[in-house]
Structure formats: structure tokens, C-alpha cells
Amino acid sequence: MQRILLIALVALIALPSVASAERDRTGRKLDAIQSGRLYDPILTPQMNPRFEFNDPNAEAKFLLDVRQGRFDLNRVPEGQRQYFQFQLENAR
């Protein structure tokens, strides 16, 4: 009985640390989206409204979505929109 109680107690102590680790990963992802290191089709327009990407892979994923019609380039601010239009024209 004591052994079962000890195992249950250890499990209860370990459970919050596992949940905390998951929350930290989510926070890092949101930080990466906000800083332009990561592109997410849903969160980027809200968290990085100027669409300034610091990672070439994030920018490439964004341009791929624009090329395939999954994102309307008119939602991007004018200065950045011209840059992305130029990138799209030169990629062809």
C-alpha cells in the first residue's frame, strides 16, 4: 500500500512539470512568430502585422502560401507588399 501511495505521490509531483514544459514550448513558438523567425498562416497576421521575417525559411513559406493563393497579399502593409511582389516576380 505504501509503495502505491509513493508512486502516486511521485506522479502528482511530476505532472505539473510536464504541463509546464508544454507551455514553455508554446511560448517559444509564439515568440518566434512575433519576432519573424517562424511563419504561421493564422497567427502571423495577428502577431507580426508588418510581416517582417528574420528567417529566410519563414519568408519562403509565406511566399509559397501567397503563390498558391492561400494568403491575400493585399492584407500586407504597402511597403512590405511591394517587397513581396518583387520577390514573387523574380522567382518566376
Side-chain angles (χ1 to χ4, degrees):
M1 181 70 180
Q2 289 179 350
R3 183 173 256 165
I4 294 173
L5 186 60
L6 181 62
I7 292 171
L9 182 62
V10 169
L12 287 175
I13 291 172
L15 187 63
S17 65
V18 171
S20 174
E22 182 65 31
R23 186 175 59 239
D24 289 343
R25 271 188 245 130
T26 303
R28 286 190 299 236
K29 180 179 179 183
L30 295 177
D31 182 49
I33 292 169
Q34 190 172 20
S35 65
R37 295 186 319 259
L38 185 66
Y39 168 69
D40 183 89
I42 297 171
L43 295 176
T44 296
Q46 299 163 0
M47 300 185 74
N48 185 2
R50 295 192 59 182
F51 293 87
E52 293 177 348
F53 296 107
N54 294 325
D55 187 336
N57 292 330
E59 185 175 321
K61 284 178 69 175
F62 173 70
L63 290 171
L64 181 66
D65 274 0
V66 171
R67 238 182 260 116
Q68 294 179 346
R70 288 183 279 194
F71 190 86
D72 183 17
L73 202 54
N74 292 326
R75 294 176 54 194
V76 177
E78 184 64 34
Q80 288 294 94
R81 186 179 322 144
Q82 291 173 351
Y83 169 76
F84 290 127
Q85 286 172 338
F86 178 75
Q87 293 293 332
L88 289 171
E89 290 170 4
N90 286 337
R92 293 180 186 160

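Given the structure is predicted, the values throughout are model-derived calculations rather than measurements. We count residues from 1, following the sequence as given.
- Residues Pro45 and Arg75 share a closest heavy-atom pair of CB-NH2, 3.5 Å.
- At a threshold of 4.5 Å between non-hydrogen side-chain atoms, the residues Leu63 and Glu59 count as touching.
- Between the CG atom in Leu30 and the CG atom in Leu38 there is a gap of 9.5 Å [rounded to 0.5 Å].
- Closest non-hydrogen pair, Ala58 versus Gly36, comes out as CB-O, 4.0 Å.
- Put simply, the side chain of Asp40 does not reach to within 4.5 Å of the side chain of Met47, judged on heavy atoms.
- A centroid separation of 6.0 Å or more is found between the aromatic rings of Tyr39 and Phe71.
- Here the side chains of Arg37 and Asp31 are in contact, with some heavy-atom distance below 4.5 Å.
- Under a hydrophobic clustering in which Ile, Leu, Val, Met, Phe, Trp and Tyr are joined whenever their side-chain heavy atoms come within less than 4.5 Å, directly or via other members, Leu88 and Phe53 fall into the same cluster.
- Residues Gln46 and Leu43 meet the side-chain proximity criterion, which asks for heavy atoms closer than 4.5 Å.
- The two residues Gln80 and Val76 make their nearest non-hydrogen contact at CB-CG1, 3.5 Å.
- More than 12 heavy atoms of other shown residues, nucleotides or ligands fall within 6.0 angstrom of atom CZ in Arg70.
- Side-chain contact between Arg81 and Phe51 is absent, with no heavy-atom pair separated by less than 4.5 Å.
- Side-chain atoms of Gln85 and Glu89 form no donor-acceptor pair, as typed in the model, at a separation below 3.5 Å.
- Using a 4.5 Å heavy-atom threshold, the side chains of Leu73 and Phe84 count as touching.
- Separation of atoms OG1 (Thr44) and CZ (Phe62) is listed at 8.5 Å; rounding is to 0.5 Å.
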